[in-house]
Engineer: 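Take this structure first; my questions come after.
All chains are named by letter (A, B, ...) in the order of the sequence lines, taking the proteins before the strands, and each is independently numbered beginning at 1.
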There are 2 protein chains.
Amino acid sequence: MAQVVQSATETTDPRVLRSRRMLMDSLLALLRKKEFEDISVQEIADEATLNRATFYLHYPDKSALLQAMTDLRFRELIERRGISFSDCDGALRAIALGVCDYLTETTGCPSQLAKMSLEGSIIPVVEGMFLEGLSHHAIAPGADPAMLAATAAWAIFGAARRWFQTRDRIPAEQMAAKIEAMVKPILLSAAPA
Amino acid sequence: MAQVVQSATETTDPRVLRSRRMLMDSLLALLRKKEFEDISVQEIADEATLNRATFYLHYPDKSALLQAMTDLRFRELIERRGISFSDCDGALRAIALGVCDYLTETTGCPSQLAKMSLEGSIIPVVEGMFLEGLSHHAIAPGADPAMLAATAAWAIFGAARRWFQTRDRIPAEQMAAKIEAMVKPILLSAAPA
DNA sequence: CTGCTAATGCGACACTTGTCGATTATTTGG
DNA sequence: CCAAATAATCGACAAGTGTCGCATTAGCAG
């Protein structure tokens, strides 16, 4: 997997921090005007007042930038909510709500959602949260935490995605409750005997 | 969504059938040698002994070809198994097994799996199968079949994907049983009171 | 303050992409 | 069997992509 491996990316150099932030801001601004596929690297660089070569110095392509930006923004959104892993029921609903909100927030105008690259970057984050949450619990001997986390994360995302694509959709809070009801059994299936 | 809308694609003209089959075969052959992103439309056309313009006559881009090919091959695999919607328990396990098998079958050599575009094309197919299966049942008033189908499909795929990425993985049949156990509650949550 | 290092700017490159109009080949219906 | 319809070929185009080498600048350590 080549997702979310930016561990070697940790820099303190204000130049690279500035460049990356400007690139993300630029992409976000452009996404409000046009579809992702219709945005060129040159446009992103121009909007950021950076050279196109500088872009490639930080991201292999525009999808990587989108992934990094999505990852960052979703983590911020969740952190802003202050998910507590002490009460898991609340965490599950909060994560579901976070995914719903994130979809509506980031994909403002167009049917930007169709792009898997945008969507997919949220799943590993959610997966990591479940993995962290599961580590605080005893689970049945045969169960695999990573498997449970992956299944739950993909299920939540699939549900949230479907909800978002629905016209005249119910409120996000209500949807989060439905998602919780559907997904909770997955996690409970690993409860110790 | 622009996925799996090929309804207008039904043709009997032997020329287009031949072209499309050759394009799919070419892509499949090339995928055994290199990554999807490293394959150009020109290469696919060359391998198929077709003109590049002919490619664009059938698919808007190479991702569309990949989607169409994945869709076709997965449907064939499932059909070969003869999924019966009369007993749903069997169908659920069979679909899960189909997804597992498909992952191992199509992504033979490289870590081709990382590509969402390849993976994602299976989900709508699975979703459609659940939708079909659910249409034969009475469900609770508040439940939405499309939502259930989407959630179950994504959950299955997420689980199968995780399984496939695991080294020294358990047999597909065993995994399918685990998936069934995890996913069944999602569908049961809509059982009529 | 002064280097050294590394990030950025710049221009160029070979290549890919998606599209177009014109021409040739194939299928199908009458 | 012929003629209209449509698919495939070909060459060309503007635009975008990813990568270079090299010059310039900004940050950081001594």
Engineer: Would you call B:Arg75 and B:Asp71 a salt bridge, using N to O less than 4.0 angstrom?
Structural biologist: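 So B:Arg75 pairs with B:Asp71 through a salt bridge.
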Engineer: Without decimals, in angstroms, what is the distance between B:Asp13 CG and C:dT28 C1'?
Structural biologist: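 After rounding, the reported distance stands at 9 Å.
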Engineer: Give a yes or no on whether a salt bridge exists between B:Asp13 and B:Arg18, defined as a side-chain N under 4.0 angstrom from a carboxylate O.
Structural biologist: no
Engineer: Starting at CZ of B:Phe55 and ending at P of D:dA7, how long is that distance when rounded to a whole Å?
Structural biologist: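 For the pair B:Phe55 CZ and D:dA7 P, the rounded distance is 17 Å.
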Engineer: Tell me the interatomic distance from A:Gln42, atom CD, to C:dG9, atom C1', rounded to whole angstroms.
Structural biologist: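 After rounding, the reported distance stands at 12 Å.
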Engineer: Let me spell it out: for each of B:Ala53 and B:Pro14, pick the nucleotide of DNA chain C with the closest heavy atom. Which residue's pick is nearer the 5' end?
Structural biologist: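 First, find each residue's nearest nucleotide; the 5'-ward one identifies B:Ala53.
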Engineer: At their closest point, which heavy atom of A:Met22 faces which heavy atom of A:Thr49, and how far apart are they?
Structural biologist: CE-OG1, 3.4 Å
Engineer: Side chains of A:Asp46 and A:Gln42 only: does a donor on one sit below 3.5 Å from an acceptor on the other?
Structural biologist: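 Yes, A:Gln42 and A:Asp46 have a side-chain donor paired with an acceptor closer than 3.5 Å.
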Engineer: Nearest whole angstrom, please: distance from the C1' of D:dA8 to the CD1 of B:Ile44.
Structural biologist: 18 Å
Engineer: Just the rounded figure in Å: distance from P of D:dT17 to OH of A:Tyr59.
Structural biologist: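 So the OH-P distance, A:Tyr59 to D:dT17, works out to 17 Å.
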Engineer: Quick check: any donor-acceptor pair below 3.5 Å linking the side-chain of A:Arg52 to the base of C:dG9?
Structural biologist: no
Engineer: Should the pair A:Lys34-A:Glu43 be classified as a salt bridge under the 4.0 Å nitrogen-to-oxygen rule?
Structural biologist: yes
Engineer: Give the rounded distance in Å between these two atoms: CD of B:Glu37 and C1' of C:dT17.
Structural biologist: 16 Å
Engineer: May I ask you to evaluate whether B:His58 reaches the phosphate of D:dA8, defined as a side-chain N or O under 4.0 Å from OP1 or OP2?
Structural biologist: yes
Engineer: Of B:Thr12 and B:Tyr56, whose closest DNA chain C nucleotide lies nearer the 5' terminus?
Structural biologist: B:Tyr56
Engineer: Identify, between A:Ser40 and B:Thr54, the residue whose nearest nucleotide on DNA chain D lies closer to the 5' end.
Structural biologist: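 Taking each residue's closest nucleotide, the earlier one in sequence belongs to B:Thr54.
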Engineer: Quick check on D:dA8: is either OP1 or OP2 less than 4.0 Å from any side-chain nitrogen or oxygen of B:Ser19?
Structural biologist: yes
Engineer: Taking the side chain of A:Asn51 as heavy atoms from C-beta outward, which of C:dC10, D:dT9, C:dT8 is closest to it?
Structural biologist: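 For A:Asn51, the side-chain atoms sit closest to C:dC10.
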Engineer: Mind calculating the distance between CD1 (A:Ile39) and P (C:dT17) to the nearest angstrom?
Structural biologist: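 These atoms are roughly 20 Å apart.
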Engineer: Counting only distance, no hydrogens or angles, is the base of C:dT27 paired donor-acceptor with the side chain of B:Arg15 under 3.5 Å?
Structural biologist: no
Engineer: With a non-hydrogen cut-off below 4.0 angstrom, is A:Leu57 in contact with a base, only sugar-phosphate, or nothing?
Structural biologist: base
Engineer: Report the distance from atom CG of B:Asp61 to atom P of D:dA15, rounded to the nearest whole Å.
Structural biologist: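 To the nearest whole Å, that distance equals 21 Å.
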